[in-house]
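By convention in this document, chain letters (A, B, ...) are assigned in the order of the sequence lines, proteins followed by strands, and residues within each chain are numbered from 1.
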Amino acid sequence: MKEALEERFRSAIAGLLEERGDSGAPPAFAIEASRSPQYGDFACNAALVLGKRLGQPPRAIAERLAAEVRNASDWVERVEIAGPGFVNVWLRDSRWQDLLGTILEEGQRYGTSKVGARKRVQVEFVSANPTGPLTLGHGRQGVLGDCIARLLDATGHDVTREYYFNDGGRQMRVLGESVRARYLEQLGRAAAPPTQAFAAADSAWPVEIDGLPVVFPRDGYQGGYISEIADSLRREHGDGLADEPGDGVFRKTAEERIFSEIRKTLTELGIEFDVYSNETSLYEDGRIDATLRDLRVKGLVYEKDGAVWLRATDLGLDRDRVLVRKTGEPTYLLPDIAYHRQKFERGFDTVIDVQGADHIDQFPFVVAAVGALGVEADRVELVMHQFVTLTEAGRQVKQSTRRATYVTVDELISRVGVDVFRFFMVQRRAEGHLDFDLDLATETDWKKNPAYYIQYAHARTCGIERKALEQGVSLPDANSVGASALVLREEIEILKKVAEFPEVLARAGAAREPHHVSYYLRDLAGLWNPYLQDRTHHRIVSNEAELSRARLGLARAVRTVLANGLALLGVTAPEQM
RNA sequence: GCGCCGGUAGCUCAGCUGGAUAGAGCACCAGGCUUCGAACCUGGGGGUCGGGGGUUCGAAUCCCUCCCGGCGUGCCA
């Protein structure tokens, strides 16, 4: 729709430039869906952009352009000049009506495109280490990453969803120690540290209480799930594990149990990964050593204070970073570099890291390092998201990882359901904070819950189709729909809206911003629900057979777009509610 | 201190590759259903787009500066 118009303007502009002997590149201009019907279907700002270059008043230029566009009278209805020099274009209704057949024909495919050119894209997200249940931040990241992946899929990319976790480091060891401590406490061989000892990092930490040693690590995991794992180990093995190290069976069991819980949560959320990868495998196949060696060859590595450093300042960063601690154990940075390098060895054209704001500092170091090792750094993208706060009864609910008083994804899902959870999580753009309004999400008067507005528009449309079938009216197909009966202004407006869908997906995918999809769907439902509401003017199934067919076709088109859009958000499109 | 992200209606937020009277949901006010198309609809009030400067024919959008909030600035991840 827009492309043809754009072409028209382009050639008109070329003509004007040529006239003046201007052989420079044509300027960038915009054709946008007009914000108001009084400005037509599309508005073009080319005349304003050209004003200075041609040394003529924009409105005069607009006249010339308008004349040119008017020539396409088989599909252009009217062209006007308005304001400082906008060219507003009205298309003939048939231009919009013709779209209906296309949508009915394409069905589930409508909206998808090939702009991705089958480029291989990896989306890495969640990547939470299995030290505890997924928190709201992970939940947001999961939904965000998943929606980006769905969007890239729909726009013709070859997508791999990947979850990477650090299973080799200190964190997992502390996890094992935490479980071991709880195990020994349950056997009466150790004392639990008092809760207030956790309050601050510098508060007193007892070595023993009542003659029993305190073995719980200072930075251990305090959640109740740790005790549960310890409890089940105790039931299976009695006191037989008392002399086991924390890094062995305790760690392994905890990792397995927690990871399996995480996967369960993700599955429940409708998130499936193609690849799970971990740090250990990078050690095993020698990639960690190789990466360090190659960095060293590049002269980017030096020793200081017994540790091995990355000379990041040579790569334009503000400080150097430790790659290998003086204990001989790498920091997370080195495996991260090795991992990102491996991504490109695996043949991805583009790699997208979805990360929380707390990891943002890490990213430039990884990009700089893999860049130094020969990877074109602009092929690594970062999608950063801020954290999630929870508001209930008008107040913010305090979240503390340290005290394990955070709300988990599981808990929230059980309160609001997967659809509402996903919808709320993907409704905001990633860079901003996300306030999850529990009052709205669990609104007792759930008519107010914005997540349902779009679903309801879909459900009631299905209801109309059911009713038509009950009455013996068959649903039209692309050939029989007869869209020219759709002549009302509001019907054309709806057609224009569904026409935007492919563009919305392409733009949202390119920008890695799925929230545009939810706003678009809200807009569409915001045209459709009122249309359906007015049964006197817009009765879908009436005794006028031709009009009924056309309107049922319109209903099917809207239903298709709503369903396709909701699918991209991972939200169900119910046939009844 | 420095870096990144935010500051738009009472609240939560879209709009930010510059465009014409700044939008939505919730809340509030006034209306519409014997739920077979009301989980909806109609109308209304509500704004120094954090402040100030600049670039531009035109700025919520770009630049500078200041203020406020979050995150980071680890030999934690």
Side-chain angles (χ1 to χ4, degrees), chain A residues 28 30 32 34-36 38-39 43-45 48-49 51-52 57-58 82-86 88 127-129 131 165-166 169-172 174 219 279 304-309 317-319 321-333 335-336 356-364 382 384-387 389 391 394 424 427-437 439-440 443 445-453 455-457 459-468 470 507 511 515-516 518-520 522-523 525-526 529-535 538-541 555 574 577:
Chain A
E32 290 172 335
S34 300
R35 35 179 305 216
S36 153
Q38 60 170 308
Y39 299 129
C44 180
N45 68 350
L48 291 104
V49 174
K52 185 168 279 177
F86 288 100
N88 294 328
S127 294
N129 290 342
T131 58
F165 60 100
N166 298 91
R170 208 191 65 93
Q171 244 195 351
M172 299 309 293
V174 173
D219 51 356
E279 186 184 355
K304 193 180 90 184
D305 304 332
V308 178
W309 293 71
L317 289 149
D318 61 344
R319 65 189 196 282
R321 298 278 306 271
V322 170
L323 290 168
V324 183
R325 287 183 268 259
K326 64 180 163 205
T327 60
E329 190 180 40
T331 63
Y332 55 90
L333 179 59
D336 258 18
D358 57 336
H359 282 229
I360 182 100
D361 187 60
Q362 168 79 345
F363 190 75
L382 174 67
M384 188 218 63
H385 68 90
Q386 293 287 342
F387 285 133
T389 55
T391 297
F424 273 58
Q427 210 187 0
R428 306 293 181 219
R429 79 186 198 284
E431 310 90 74
H433 286 270
L434 175 72
D435 186 75
F436 199 107
D437 186 342
D439 302 320
L440 198 58
E443 182 57 70
D445 180 6
W446 32 274
K447 296 177 184 182
K448 288 171 186 154
N449 190 324
Y452 294 123
Y453 187 83
Q455 290 186 310
Y456 177 65
R460 77 194 297 198
T461 307
C462 294
I464 292 167
E465 292 187 345
R466 274 194 302 274
K467 187 176 166 187
E470 276 165 27
R507 218 185 66 226
H515 72 279
H516 291 303
S518 51
Y519 278 91
Y520 167 80
R522 214 278 158 200
D523 280 353
N529 274 328
Y531 178 84
L532 291 182
Q533 193 71 21
D534 185 352
R535 271 179 268 174
H538 308 141
R539 178 165 278 280
I540 301 287
V541 181
M577 293 177 76

Report task. May I ask you to evaluate whether A/R170 reaches the phosphate of B/A77, defined as a side-chain N or O under 4.0 Å from OP1 or OP2? Result -> no

Query raised in the report: What's the closest nucleotide to the A/P450 side chain, out of B/A77, B/U12, B/G25?
Result: B/G25

Report task. Would you indicate which nucleotide in B/C71, B/G6, B/C75 comes nearest to any side-chain atom of A/E431? Result -> B/G6

Report task. If B/C13 has a Watson-Crick or G-U wobble mate with both distances under 3.5 Å, name it; if not, just say none. Result -> B/G23

Query - Base B/A20 to side chain A/N88, donor-acceptor N/O within 3.5 Å cut-off - result: yes

**Report entry** Identified pairing partner of B/A60, criterion: Watson-Crick or G-U wobble below 3.5 Å
**Finding:** none

Query raised in the report: Please give, in whole Å, the distance from B/G15 P to A/R507 CZ?
Result: 9 Å

Report task. Say whether A/T391 and A/D437, considering side chains only, have a donor N or O and an acceptor N or O under 3.5 Å apart. Result -> no

Can you name the atoms? Protein N/O to nucleotides 38-42 of chain B N/O, anything below 3.5 Å, with the distance.
unit_1 : atom_1 : unit_2 : atom_2 : d
B/A38  : OP1    : A/Y456 : OH     : 2.9
B/C40  : OP2    : A/K447 : O      : 3.1
B/C40  : O2'    : A/R460 : NH1    : 3.2
B/C40  : O2'    : A/Q533 : OE1    : 2.3
B/C40  : O2     : A/Q533 : NE2    : 3.0
B/C41  : OP1    : A/Y453 : OH     : 2.4

Query raised in the report: Quantified in whole Å, what is the C1' atom distance between nucleotide B/G52 and nucleotide B/G7?
Result: 16 Å

**Report entry** Base of B/A20 and ring of A/F86 stacked, centres under 5.5 Å, planes under 30°
**Finding:** yes

Requested in this report: Output yes if the stacking criterion (under 5.5 Å between centres, under 30° between planes) is met for A/Y39 over the base of B/A20, else no.
Outcome: yes

